[in-house]
Amino acid sequence: MPIDPDFPSNHQVIGKHDHTDGQHFHFVWGPGRSSDAAASPDVKAAYSARNEELVPLGVHGTFVAVDWDSCIADGSCIQACPVNVFQWYRTENDVPAIDMSNTVSSGNGSAGKEDRVDYTDKSDPIREKDCIWCMACVTVCPTKAIKVEQSNMQFHEQATSTFQR
Ligand code: F3S
Ligand code: F3S
Ligand code: ZN
């Protein structure tokens, strides 16, 4: 199913994903729910090959938001973005996705469509604030896992002043 368009109301901020450059960061909204990833044979097989549990993950990003429960690692969004907002998270931090809710990355992961480590990988909006609102990512995602909404910046700003680890 597509990302919940009202996720800032229906979910809570459960973490902050920082960039080592001190400029880029995004919030993570949870708790998430079972969606397309849990129904995808490729994703299920990749989780079993790793012996990792396929659990609800939630949404990374607020005004460029990727629902990691709907993301099936297609990669079209990563290829489509003209300003390199996204990266495959596992190409930098090869850990279970649930451990990415509160973490720090340096943004040096891969951004090629087929560069996923495997089908447990996810598109991470690591450079969220660089978005120029072209909407290409929203259009190309086969599961409609991405919502880009300028007015959601208010929720990002709110969380910036209130979120504490
Ligand atoms: Fe890139 Fe999507 Fe923004 S393609 S520019 S993150 S709307
Ligand atoms: Fe995932 Fe959709 Fe991008 S499935 S990798 S969010 S195109
Ligand atoms: Zn993230």
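For this chain, numbers begin at 1 and follow the sequence in order. Every heavy atom of this structure was used, including side-chain atoms; hydrogens, water molecules and symmetry mates were not.
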Please report the interatomic distance CD(Q87) to OG(S110), rounded to the nearest 0.5 Å. 8.0 Å
Side chain D21, main chain Q23, donor-acceptor under 3.5 Å: yes
Backbone N/O of V117 and side chain of D121: donor-acceptor pair under 3.5 Å: yes
CH2 on W88 to CD1 on I126, rounded to 0.5 Å: 15.0 Å
Evaluate side chain to side chain contact (heavy atoms under 4.5 Å, CB included) for N93 paired with M100, printing each intermediate quantity in order. CA-CA 8 Å; N93 302 67; M100 292 299 291; 3.7 Å; yes
In Å and rounded to the nearest 0.5 Å, what is the OH to CD1 distance from Y119 to I72? 8.5 Å
Which distance, rounded to the nearest 0.5 Å, do you find between the CD1 of I146 and the NE2 of H60? 13.0 Å
Taking the ring of H156 and the ring of F27, is the distance between their centroids below 6.0 Å? yes
Taking the six-membered ring of Y89 as reference, does the NZ or CZ atom of K122 fall below 6.0 Å from its centre and within a 45° cone about the axis? no
T20 and S105: CA distance, side-chain angles, deciding distance, side chain to side chain contact (heavy atoms under 4.5 Å, CB included) verdict: CA-CA 6 Å; T20 50; S105 302; over 6 Å; no
Only counting residues at least two apart or in another chain, list the ones meeting salt bridge (charged side-chain N to carboxylate O under 4.0 Å, His left out) with D118. R50
Rounded at 0.5 Å granularity, tell me how far CD in Q79 sits from CG in N84. 12.5 Å
Between D18 and K16, does at least one N-O distance fall below 4.0 Å, as a salt bridge requires? yes
Taking only residues two or more places apart in sequence or in another chain, which ones pass ring pair (Phe, Tyr, Trp, His ring centres under 6.0 Å) with F86? none
Can any side-chain N or O of D69 pair as donor or acceptor with the backbone N or O of G58 at less than 3.5 Å? yes
So, S40 versus D42: side-chain donor-acceptor pair below 3.5 Å or not? no
Please check if the side chain of E128 supplies one atom and the backbone of V85 the other of a donor-acceptor pair under 3.5 Å. no
Would you mind reporting whether D67 and H11 have side-chain heavy atoms less than 4.5 Å apart? no
Residues two or more places apart in sequence or in another chain: which of them pass ring pair (Phe, Tyr, Trp, His ring centres under 6.0 Å) with H24? H19
Are the side chain of W29 and the backbone N or O of G15 linked by a donor-acceptor pair below 3.5 Å? no
Whether N102 side chain and I14 backbone form a donor-acceptor pair below 3.5 Å: yes
I'd like to check S76 versus C141 (side-chain heavy atoms, cut-off strictly below 4.5 Å). Are they in contact? no
Please answer: with hydrophobic residues joined when any side-chain heavy atoms are less than 4.5 Å apart, are F155 and V13 in the same cluster? yes
Is there a side chain to side chain contact (heavy atoms under 4.5 Å, CB included) between C81 and C137 once you walk through the steps? CA-CA 6 Å; C81 182; C137 56; 5.6 Å; no
Does any N or O in the side chain of T139 come within less than 3.5 Å of the main-chain N or O of M135, such that one atom is a donor and the other an acceptor? yes
How long is the span from the CG atom in N152 to the CZ atom in F63, to the nearest 0.5 Å? 9.5 Å
Could I get the full list of salt bridge (charged side-chain N to carboxylate O under 4.0 Å, His left out) partners for E114, not counting sequence neighbours? R116
For residues 131-148, the salt bridge (Lys or Arg N to Asp or Glu O under 4.0 Å) pairs (sequence neighbours left out) are K147-E149
Minimum side-chain heavy-atom gap S123-C77 below 4.5 Å: yes
Decide whether E52 and T120 meet the rule of one side-chain donor and one side-chain acceptor closer than 3.5 Å. no
Mind listing the closest non-hydrogen atom pair of K113 and D74 along with its distance? NZ-O, 3.2 Å
Are I3 and W133 connected, step by step, through hydrophobic side chains (Ile, Leu, Val, Met, Phe, Trp, Tyr) whose heavy atoms are closer than 4.5 Å? no
Is W68 reachable from V138 through a run of I, L, V, M, F, W or Y residues, each pair having side-chain heavy atoms under 4.5 Å apart? yes
Count I, L, V, M, F, W, Y as connected when their side-chain heavy atoms are under 4.5 Å apart, and connections chain through other members. Are I98 and V66 then in the same cluster? yes
I'd like to check V83 versus C131 (side-chain heavy atoms, cut-off strictly below 4.5 Å). Are they in contact? no
H17 versus D124, side-chain donor and acceptor atoms under 3.5 Å: yes
Under the side chain to side chain contact (heavy atoms under 4.5 Å, CB included) test, residues paired with A39 that sit two or more places apart: none
What about M1 and V59, same hydrophobic cluster or not, with Ile/Leu/Val/Met/Phe/Trp/Tyr joined at side-chain heavy-atom distances under 4.5 Å? no
Without swapping roles, check the side chain of T143 against the backbone of S70 for a donor-acceptor pair under 3.5 Å. yes
